[in-house]
Q: 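Just passing along the structure, written as C-alpha cells.
Every number for a ligand or one of its atoms is a count from 1 in the order of the listing. We use all heavy atoms of the structure for the numbers below, so side chains are in, but hydrogens, waters and symmetry mates are not. Being a predicted model, the structure only gives us computed values, none of them experimental.
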Amino acid sequence: MSRERVSIERGTSEERSERWAQPTRRASTVEPTQVAIIGAGPAGLLLSHLLHLAGVESVVLERRSREYVESRVRAGVLEHPTAELLREVGLGERMDRVGLVHAGIELRFDGVDHRVAFDELVGKTITVYGQQEVVKDLVAARLRDGGQVEFDVTETAVHDIDTDAPYITYVDAHGAGQRLDCDVVAGCDGFHGIARGAVPAAVLRVLDRTYPFAWLGILAEVPPLHEELIYARHALGFALCSMRSPEITRLYLQVDADETVEEWPDDRIWEELAKRLAVDDGGTVNVGPVLDKGVTAMRSFVAAPMRQGRLFLAGDAAHIVPPTGAKGMNLAIADVSLLARALPALLRGSPDLADAYSETALRRVWRAEHFSWFMTSMLHRTGDDFDEQLALSQLRYIAGSTAAATSLAENYVGLPFA
Ligand code: APR
Ligand code: PHB
C-alpha cells in the first residue's frame, strides 16, 4: 500500500512562504523527502525503485492518472542490458513469463527478408515487452514497498535548484497547493515536462533534427506475421511489424509528418501494410480488429547538460530519438541506472558521480542518437533518389557483410550500461 501523503500545515519560515507566493492558494508543506521525482514514466518510477533499494527516500509526482500511465501504448523492445537490470532489481518475473525473447530481426527490402541474427553475431537477445507493462510492474513494486507515488498532480514547479535546499510546488489530486522540500530533484517528466525549462536558457544547449515523416501505429488483435520483428523498406515507405503477444500485433507505417489518424481508416491501413510488407514468394498480412491507433512524430533531440545544480534530467526530459532503433525507453533506463548510484553518493557527501553524470549519460545518448538516425535514414523513403540508393546500398551491405551486420546487432541489443 502507498503511504498516505501527509499534508501538514507546518510552521513554515517566512523565507519559505515568500519563496512560494501563491496568493489564491493555501500552501501546505508535505513531509520532506530526499529525492523529489517529477514524472511516473519508466525513468521516474525505476529511479524511485532503485533509490529505495539504495536506502534513499523519494516521492514521485505524476500529472496523469495511474490508469492513464498504465494503459498508454508506447514502445516495446527491451535491450539486453535493460532486461538484465530489471531482473537484477527484482522486476523480471512477469517480463520473463510473458515477454518474448527474440534472437534477431528481419530486414525486408527488394522483396526478400534478410535476418540479422543477434545471438550468433553478438551472443545476446532482446525482449519484446510493452512499455506500459514495465510501468505496471514498477507502480506495483513501488506501492508494495511503501513508495510514494502521487498521481493527478498539476502546476508542478521547481524552485531553488542552485541551492542545496531545492523544493517543488504542485497542486495535489484534491486541489490543495503543496510544497515538497528535498535534497535533489529528478526531472523525469518526458519531452513535454517542465523540468528541462528550469535549466537557464543561457546554459542549456539543444541540438535536434526533425524528419519529414511520422509513424502511424496500430495495435491489432491478430497474430503477428512472423515470430520476429520485420523492418521493411519499400518504395511506398517504411513499415514495421512488431507484436505484444502471440495474439496481438503492433504495426507501424511511415506517413507524412502532417497526416492524422482520421486520414487512415482501418481498411486503408491494412491495404497499405499488405503492399509494403509484400515479399516475392507471396505471403499475406493478417487482418483483425484495431485496438489502438495513433501518430508518433519523428524527432532527434538532445538537451545538455543533463544537470543544473541539484536538478538532474533523465529520459525523454533530456533527449528523444526517432523510434526506429527502439531506443527511447532503454535510454531512459540507462540514465536512471547512473543516477541510482550518483544520487545516494551525492547525499553521502561524495559528488564525483553526480558531477560526471551529464557527460557519462550523454556519451551513451549520442551513440543511441546516431543509431536511431542511422536506422531511420536507412529504412524510410524521403522521395530523394540519391537517399534511396544510399539506403539500399547500406541495407545490401548489412545483408552481405558479417562486419556490418555485427555493428547493427551490437547497437540494437544495446551497449553495456556505463
Ligand atoms: N508534472 C508531473 N508529471 C509530468 C509533468 C509535470 N509537469 N509533465 C509530464 N509528466 C509525466 C508524464 O505524464 C509522463 O507520465 O512525466 C512522465 C514522463 O514519462 P515518459 O514520457 O514515459 O518519459 P520517460 O520516463 O523518460 O520514458 C521514456 O517514454 O516516450 C517514451 O519513447 C519514449 O520509451 C521512451 C520513454
Ligand atoms: C514496438 O513494438 O512498439 C516497436 C518495436 C521496434 C521499434 C519501435 C517500436 O523499432
Q: Taking only heavy atoms of Y231 into account, list the atoms of ligand 2 that are under 4.0 Å away from them.
A: 6 (C), 7 (C), 10 (O)
Q: Is ligand 2 under 4.0 Å from a heavy atom in the side chain of R244, in the backbone, in both, or in neither?
A: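 Near ligand 2, R244 shows its side chain, while the N, CA, C and O stay back.
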Q: Using a 3.5 Å cut-off on N or O atoms only, is T156 in polar contact with ligand 1?
A: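 There is such a contact, yes.
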Q: Is it the side chain (CB and beyond), the backbone, both or neither of R72 that lies under 4.0 Å from ligand 1, heavy atoms counted?
A: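 Near ligand 1, R72 shows its side chain, while the N, CA, C and O stay back.
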Q: For ligand 1, indicate whether the residue I320 contacts it via side chain, backbone, both or neither (heavy-atom separation under 4.0 Å).
A: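 It is neither; nothing of I320 touches ligand 1.
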Q: Do L236 and R381 have side chains that get closer than 4.5 Å, going by heavy atoms?
A: no
Q: Any idea which protein heavy atom is nearest atom 29 (O) of ligand 1, and the distance to it?
A: Q131 NE2, 3.1 Å
Q: Hey, are the side chains of W373 and R209 touching, using non-hydrogen atoms and a 4.5 Å cut-off?
A: yes
Q: Tell me whether V73 reaches ligand 2 (any heavy atom closer than 4.0 angstrom to a ligand atom).
A: no
Q: Just which atoms of ligand 2 are under 4.0 Å from any heavy atom in G76?
A: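 Taking each heavy atom of G76 in turn, ligand 2 has 1 (C), 3 (O) under 4.0 Å.
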Q: Do any nitrogen or oxygen atoms of Y412 come within less than 3.5 Å of a nitrogen or oxygen of ligand 2?
A: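 The answer is no, given that Y412 and ligand 2 share no N or O pair closer than 3.5 Å.
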Q: Any idea which atoms of ligand 2 are less than 4.0 Å away from a heavy-atom of V77?
A: 5 (C), 6 (C)
Q: Answer yes or no: is there a side-chain heavy-atom contact under 4.5 Å between I398 and M378?
A: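 The answer is yes; the side chains approach within 4.5 Å.
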Q: Polar contacts were defined as any N/O atom of the residue lying under 3.5 Å from an N/O atom of the ligand; does this apply to A332 and ligand 1?
A: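 No; every N/O pair is 3.5 Å or more apart.
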Q: Could you tell me how the ring of F301 sits relative to the ring of F191: parallel (under 30°), tilted (30 to 60°) or perpendicular (over 60°)?
A: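 Ring orientation of F301 relative to F191: perpendicular.
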Q: For atom 31 (C) of ligand 1, find the nearest protein heavy atom and state the residue, atom name and distance (0.1 Å precision).
A: R74 NH2, 3.2 Å
Q: Hey, is Y129 touching ligand 2 through its side chain, its backbone, both or neither, going by heavy atoms under 4.0 Å?
A: neither
Q: Counting both backbone and side chain atoms, is some N or O of P323 under 3.5 Å from an N or O of ligand 2?
A: yes
Q: Please work out whether any backbone atom (N, CA, C, O) or any side-chain heavy atom from C-beta onward of T324 is under 4.0 Å from ligand 2, and answer side chain, backbone, both or neither.
A: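 The backbone, only.
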Q: Atoms of ligand 2 less than 4.0 Å from L229 heavy atoms?
A: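 With L229 as reference, the close atoms of ligand 2 come out as 5 (C), 6 (C).
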Q: Counting both backbone and side chain atoms, is some N or O of A43 under 3.5 Å from an N or O of ligand 1?
A: yes
Q: Can an N or O of W215 be found at a distance shorter than 3.5 Å from an N or O of ligand 2?
A: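 Min N/O separation from ligand 2 is not below 3.5 Å for W215.
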Q: Counting non-hydrogen protein atoms only, what is the nearest one to atom 7 (N) of ligand 1? Give residue, atom name and distance.
A: I194 CG1, 3.5 Å
Q: Looking at atom 9 (C) of ligand 1, what's its closest protein heavy atom, distance included?
A: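 Answer for atom 9 (C) of ligand 1: D189 O, 3.1 Å.
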Q: Look only at interatomic distance and state if I38 has a nitrogen or oxygen under 3.5 Å from any nitrogen or oxygen of ligand 1.
A: no
Q: At what distance is the nearest protein heavy atom to atom 11 (C) of ligand 1, and which residue and atom is it?
A: E62 OE1, 3.2 Å
Q: With only distance considered, is D316 within less than 3.5 Å of ligand 1 through an N or O on each side?
A: yes
Q: Among all protein heavy atoms in this structure, tell me which lies nearest to atom 8 (N) of ligand 1, with the distance rounded to 0.1 Å.
A: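 For atom 8 (N) of ligand 1, the nearest protein heavy atom comes out as R63 NE, 3.4 Å.
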Q: For atom 2 (O) of ligand 2, which of C241, A326, S242 has the closest heavy atom?
A: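 Considering heavy atoms of C241, A326, S242, the nearest to atom 2 (O) of ligand 2 sits in S242.
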Q: Under 4.0 Å, heavy atoms only, figure out whether ligand 1 is touched by the backbone of P323, its side chain, both or neither.
A: neither
Q: Considering only protein heavy atoms, which is closest to atom 3 (O) of ligand 2, and at what distance to one decimal place?
A: Y252 OH, 2.6 Å
